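Below is one structure, written out as structure tokens; the observations come after it.
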Amino acid sequence: MILRFGYVSTALSLWEASPSRTLTFTNWKKLDENTCNEKLYAATEQNLRNTIRALHYNIAHGFHLYRMSSSLVPLATHPEVRWDYLTPFGHLFKEIGDLIKNSAMRVSFHPSQFTLFTSPKEPVTENSITDMIYHYNMLRAMEVHGDATINIHIGGAYGDKEAAISRFDHNFNKLNPSIRKQTTLENDDKTYTAEETLQVCEQHSLPFVFDYHHHLANPGNEEFADLLPRLYATWQETNKTPKFHLSSPRSATVFRAHAEYVDLDFALPFINTLKSFGQSADIMIEAKSKDKAALKLVEELSKVRGFKRIDGGTIMV
DNA sequence: ACCTGTCAAGTCTGG
DNA sequence: CCAGACTTGACAGGT
């Protein structure tokens with residue numbers, strides 16, 4: 001079995017490589033039209049070029065898994081701004097897509113926690129739809145929209161989880177089917193446990209992204225190992241390797257916060273459970289030190305008996 | 001060159 | 001019912 005590792009957004013090993021440069025609405029309002037446009041264009045171009053740099057870096061280091069920044073286009077979804085980023089930057093999105101396809105990179109987006117389909121407030125759902133369309137538009141401009149995924153959480157509980165999930169069922173179906181098809185759901189660290197998220201995934205035929213750190217923070221009644229058959233089943237139709245998230249708690253007291261690196265001893269029970277299950281897995285590292293943390297974990301893991309590094313970001317078990 | 005406050009978003013808690 | 005906490009990288013503005 002193969003374990004592939006990836007990281008999120010910024011390759012910290014590269015100089016000045018943020019793909020998330022932005023312009024806030026407050027500052028946008030202060031500027032005249034020309035300056036606004038200049039700033040929006042400059043930030044977007046840099047973000048896209050830094051995404052290209054990250055992809056080259058990934059290829060060079062053997063990372064086959066990468067989560068792109070959700071902040072590639074500043075103010076793309078703001079109702080008072082909403083500018084056309086696809087026409088002027090189509091060629092860069094295309095270049096990114098070509099790079100992804102040529103290198104068989106597995107990419108995804110992860111909209112923020114404000115994109116959710118459980119809210120009783122209509123405008124919240126509308127904003128979430130707008131945000132999902134924004135992410136999907138970018139994937140389409142890259143021409144990877146049939147392959148790349150958009151990962152979200154279920155949302156809030158509002159004191160009544162059952163009612164909230166009914167709203168999810170209703171609101172999520174307002175999305176275009178082709179967007180729904182690329183969506184994955186992840187268990188969160190406070191509200192929806194792995195088992196609850198898995199149920200919703202099964203209901204909507206969505207792949208389930210299991211986050212180990214969230215699971216320990218919000219475990220519910222189920223053991224990770226017991227969920228694996230159902231979890232893998234949600235990916236069956238996609239022909240993709242199931243995807244997992246892995247991070248370490250910053251400390252026992254600030255358990256939910258992410259640490260700089262992934263502690264090997266923290267990660268081993270998770271990795272060993274996957275090993276016992278015996279099927280390949282793609283693991284997204286969500287640590288403050290990003291690519292450096294992913295490389296460090298792979299390095300440390302390769303020294304454990306039974307794990308062989310076959311590539312910068314890949315382990316054979 | 002650094003530090004501090006502000007910015008976006010929605011939910012949840014405490015008062 | 002309302003204010004503040006939560007979260008996080010980036011940026012503006014001040015020193």
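In this text the structure is predicted, and so the values were computed from the model without any measurement.
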Given C/dT7, B/dG10, C/dA12, the nucleotide with the shortest approach to the side chain of A/Tyr158: B/dG10
So what does [X] hit on the nucleic acid, given a heavy-atom distance under 4.0 Å: a base, only sugar-phosphate, or nothing?
X	value
A/Lys121	sugar-phosphate
A/Ser119	sugar-phosphate
A/Lys288	sugar-phosphate
A/Ala257	nothing

Quick one: do [X] and [Y] make a salt bridge, cutoff under 4.0 Å?
X	Y	value
A/Glu260	A/Arg250	no
A/Glu122	A/Lys174	yes
A/Lys240	A/Asp147	yes

Short side-chain N/O contact to C/dT7 OP1/OP2 from A/Arg256, under 4.0 Å: yes
How many Å lie between [atom1] on [X] and [atom2] on [N], as a whole number?
X	N	atom1	atom2	value
A/Asp160	B/dC12	CG	P	11 Å
A/His78	B/dG10	NE2	P	10 Å
A/Asp189	C/dT7	CG	C1'	10 Å
A/Met132	B/dA9	CE	P	19 Å
A/Leu116	C/dC6	CG	C1'	15 Å
A/Gln46	C/dG9	CD	C1'	15 Å
A/Glu286	C/dG9	CD	C1'	15 Å
A/Asn218	B/dC12	CG	P	12 Å

With sequence neighbours excluded, what pairs up with A/Lys121 under the side-chain hydrogen bond (donor to acceptor under 3.5 Å, both in side chains) test? none
In whole Å, what separates the [atom1] atom of [N] from that of [M]?
N	M	atom1	result
C/dC1	B/dA9	P	23 Å
C/dC6	B/dC3	P	23 Å
C/dC2	B/dA8	P	22 Å
B/dG14	C/dT7	P	15 Å

Name each donor-acceptor pair under 3.5 Å that joins a side chain in residues 99-107 of chain A to protein atoms two or more places apart or in another chain, with its distance.
residue	atom	partner	partner atom	Å
A/Lys101	NZ	A/Glu143	O	3.4
A/Asn102	ND2	A/Asp98	O	3.1
A/Ser103	OG	A/Leu99	O	2.6
A/Ser103	OG	A/Ile100	O	3.3
A/Arg106	NH1	A/Thr241	O	2.6
A/Arg106	NH1	A/Asp282	OD2	2.7
A/Arg106	NH2	A/Thr241	O	3.0

Near DNA chain C, under 4.0 Å by heavy atom, which residues of residues 14-33 of chain A? A/Ser18, A/Ser20, A/Arg21, A/Thr22, A/Asn27
With no hydrogens and no angle check, just 3.5 Å: does a side-chain donor-acceptor pair link A/Ser108 and A/Asn151? no
Aromatic contact between A/His214 and A/His245, with the criterion being ring centroids under 6.0 Å apart: yes or no? no
Determine, using ring centers only, whether A/Phe244 and A/Tyr212 are less than 6.0 Å apart. no
